[in-house]
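A quick write-up on the structure given underneath.
Order of the sequence lines fixes the chain letters, A, B, ..., with proteins taken first and strands second; residue numbering starts at 1 for each chain.
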There are 2 protein chains.
Amino acid sequence: MKAMIKVTLKTGVLDPQGKAIMGSLGSLGFSGIDSVRQGKYFEVELAGNNKAAAMTQMQDMCEKLLANTVIEDYEIELA
Amino acid sequence: MKAMIKVTLKTGVLDPQGKAIMGSLGSLGFSGIDSVRQGKYFEVELAGNNKAAAMTQMQDMCEKLLANTVIEDYEIELA
């Protein structure tokens, strides 16, 4: 089973990396950009076919390693 | 309009960061993990409501800045 995880900064947490990207896009001539936020993305291949068990395991992984839940949110999708 | 962009390494491109995460997950006691690949995730807020124009602009941004198309694929979703 494949799990796709998006980790994004919580609303209100400053994102200097996103700001830098927005500046660079501006320098490249792109206009009409209101904001850019950068996050992380993971694809995890799991053995087994139990969706509920996989979801629990992935949540556990996010809490323990993949996301810093003080400043980040995560979103798990199974396929 | 909000664009969500996933940038992932192309199949066959080595991902040492993903390998390191997989090792760490193993050390934390997680089992049944076949592979971990890390990518990048961007959320871009765009002015205007023209979906087709936004998609073209986002593709252009990915080609020019957000993704290195030699080794990375990108996927754009508009909401």
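Ranked by heavy-atom pairs shorter than 4.5 Å toward chain B, the options A/S24, A/S31, A/G32, A/S35 are led by A/S35. For the set A/G48, A/A3, A/G39, the entry with the most heavy-atom pairs within less than 4.5 Å of chain B is A/G39.
Dense packing is recorded around NZ of A/K10, with more than 12 heavy atoms of other residues, nucleotides or ligands lying under 6.0 Å away.
By the 4.0 Å N-to-carboxylate-O rule, B/K2 lies close enough to B/E43 to be salt-bridged with it.
Residues B/L9 and A/V44 are members of separate hydrophobic clusters, defined by side-chain heavy-atom contacts under 4.5 angstrom among Ile, Leu, Val, Met, Phe, Trp and Tyr.
Proximity to chain B is absent for every atom of A/D15, based on heavy atoms less than 4.5 angstrom apart. Looking at A/I5, neither its backbone nor its side chain comes within 4.5 Å of chain B, counting heavy atoms on both sides. The parts of A/K40 that come within reach of chain B are both its backbone and its side chain, each placing non-hydrogen atoms under 4.5 angstrom from that chain. In this structure, chain B has a heavy atom under 4.5 Å from the side chain of A/L28, while its backbone stays farther away.
Minimum interatomic distance between A/M1 and A/A54 (heavy atoms only, all atoms of both residues): SD-CB, 3.9 Å.
Between A/V7 and B/Y41 there is no side-chain heavy-atom pair separated by less than 4.5 Å.
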